[in-house]
Amino acid sequence: MNVVIVGAQWGDEGKGKVVDLYSSKAEYIVRYQGGNNAGHTLVVNGKKTVLHLIPSGILHPGKICLIANGVVFDPTVFFQEVDSLVASDALHGPAHEAIRVSDRAHVILPYHRMLDKCREEKTSQTKIGTTVRGIGPAYEDKVTRRGIRVGDLLRPEILKLKLTQAVEEKNCLFEHHFGTPKVELAPIYEECLKLGERLKPFVADVSQILIQALKHKRPVLFEGAQGTLLDIDHGTYPFVTSSNTVAGGALTGSGVGLGAATQAIGITKAYTTRVGVGPFPTEIEVTEKETAEKIRKIGAEFGATTGRARRVGWLDLVALKYAVEVNGLTGLALTKADVLRGFDFVKVCTAYSLGGTTIYEMPSRSEDLARIEPFYEVLPGWHEYDTNSVQGVEDLPVELQTYMKFIENFVGIPIILLSTGPGREETLQLQDPFSL
Ligand code: GDP
């Protein structure tokens, strides 16, 4: 009855489209981790909307979109997004009636963005390839208990005290460690007060809203951001994001108990992409350069948040099986199957070779993952077909049916949705996760 959506790869799997589709069945749509480093693209009636912070259910009338405690929240970006939705007439009523922001969510402040930039540009440590939006530093402050929460923006005295301490510490780093200009307390404080004032009607105890919703058996959709392999604990550390992207994060990130989520649906492309640095076993940028470029071009594989070209590779079933296990996935949504149309063959990775030994599990160390040689199974490609004539799996080209069966058999769960284009209508829904 309640569904968690997670990316089953390194992000950009098409979660936005799937969340938008499933939102029609839910009453509450919840963002529970990450921040505006996400970029979910929705295409409705040919019109494109990119959301970074507001849940992708916002385009449906009558839904409550919740930004929960696990999110790191940039109020400036939030209002830019609200203003742009209002300007494009995408909302169905006043924004504060459709959106609630947790008073426990941590706030991203200007010094977090600066720190992110310094860490990426000025340290001798490995570059992670972050979006430089201050997400990691805001989570750092949360964990070291120096964070400023949304609720603090509404309490000027507490805010001033906390900001004074934070600015003092950050300035020490800027001045003595990074050698960059310091930040001024007064303008940050004034801006926070203004943002807090505007934020007031949106602020709520999101956990309580959800607890009541669940008590009354209202359908809830939890919208994950990034992807499983970017999880801070279970991803390809240190080339990961700073939050728990796996399905378990939905519970801690929104303040609901075990059992709140009954289905976990993983979104995977029919191939794999990765943005930024870090190991990527099935990458074909060097080995099959032309194919990589073809997939990137047809699939428009450029980041929604940063515009960066995504690295491309074949579908990695070892990694996908890991995602099934670590999230407890109950179904898969397979996206971008249209991008591989017209290929003579497609490859899927079914095992890894590590130092001459064949392994079937993802190693925990990034250094090992970077040394891996993938073993591929080659399957026949599928031709163009008219999506409008497809009512069920049996109407799909037989090669695509074979591809889907191969994936299902390997990972042990069903594909419940097939996406063959960015639009809502370019979708074959095989099972409804809300009635599983
Ligand atoms: P997300 O962060 O997981 O929501 O993914 P992004 O929005 O960053 O990237 C997915 C991109 O693929 C967006 O531009 C979508 O509009 C697009 N998309 C989603 N599903 C499909 C599909 O099945 N086929 C094609 N060609 N594009 C798709």
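First listed ligand is number 1; within each ligand, the first listed atom is number 1. For the numbers below, each heavy atom of this structure counts, side chains included, while hydrogens, waters and symmetry mates do not.
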(message) Using a 4.0 Å heavy-atom cut-off, which part of I267 comes near ligand 1: side chain, backbone, both, or neither?
(response)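 Contact part for I267 vs ligand 1: neither.
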(request) Nearest 0.5 Å please: distance from the CD1 atom of I58 over to the CG atom of L53. (result)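 Reported to 0.5 Å precision, the distance equals 11.5 Å.
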(request) Find all atoms of ligand 1 within a distance of less than 4.0 Å from any non-hydrogen atom belonging to S419, and give their numbers and elements. (result)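 Ligand 1 atoms under the 4.0 Å threshold to S419: 20 (N), 21 (C), 22 (C), 23 (O).
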(request) Start with the C-alpha distance between R218 and E27, add both sets of side-chain angles, then the distance that settles salt bridge (charged side-chain N to carboxylate O under 4.0 Å, His left out), and finish with yes or no. (result) CA-CA 7 Å; R218 310 320 303 162; E27 281 183 30; 2.6 Å; yes
(message) So that I can tick it off, tell me whether R296 and E301 are bridged by a salt bridge, with the cut-off set at under 4.0 angstrom between side-chain N and carboxylate O.
(response)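 Here E301 does not pair with R296 in a salt bridge, since their nearest N and O are not under 4.0 Å apart.
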(message) Assess whether a salt bridge exists between R424 and D20, defined as any Lys/Arg side-chain N lying under 4.0 Å from an Asp/Glu carboxylate O.
(response)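 The answer is yes: the pair qualifies as a salt bridge.
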(message) Nearest non-hydrogen contact with atom 11 (C) of ligand 1 belongs to which option: K336, R341, Q226, K15?
(response)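 It is K336 that holds the nearest heavy atom.
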(request) Only heavy atoms count here, so choose which of V6, I298, D338 is nearest to atom 26 (N) of ligand 1. (result)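 Looking at heavy atoms only, D338 sits closest to atom 26 (N) of ligand 1.
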Any N/O pair [X]/ligand 1 closer than 3.5 Å:
X    : value
G16  : yes
K17  : no
A337 : no
T335 : no

(request) Classify the side-chain pair S243/Q33 by whether it contains a donor and acceptor separated by less than 3.5 Å. (result)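 Per modelled atom types, S243 and Q33 side chains form a pair under 3.5 Å.
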(message) Check for me whether G421 has a heavy atom closer than 4.0 Å to any atom of ligand 1.
(response)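 Checking ligand 1 against G421, which is what was asked, there is a heavy-atom contact under 4.0 Å.
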(message) I'd like to know if R310 contacts ligand 1, where contact means a heavy-atom distance under 4.0 Å to any ligand atom.
(response)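 Yes, R310 has heavy atoms under 4.0 Å from ligand 1.
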(message) Would you call the rings of W382 and Y403 parallel, tilted or perpendicular, taking 30° and 60° as the class edges?
(response)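 Ring orientation, 0 to 90° scale: tilted.
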(message) Using ring centroids (six-membered ring only for Trp), state whether Y352 and Y360 fall under 6.0 Å.
(response)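 Ring centres of Y352 and Y360 not closer than 6.0 Å.
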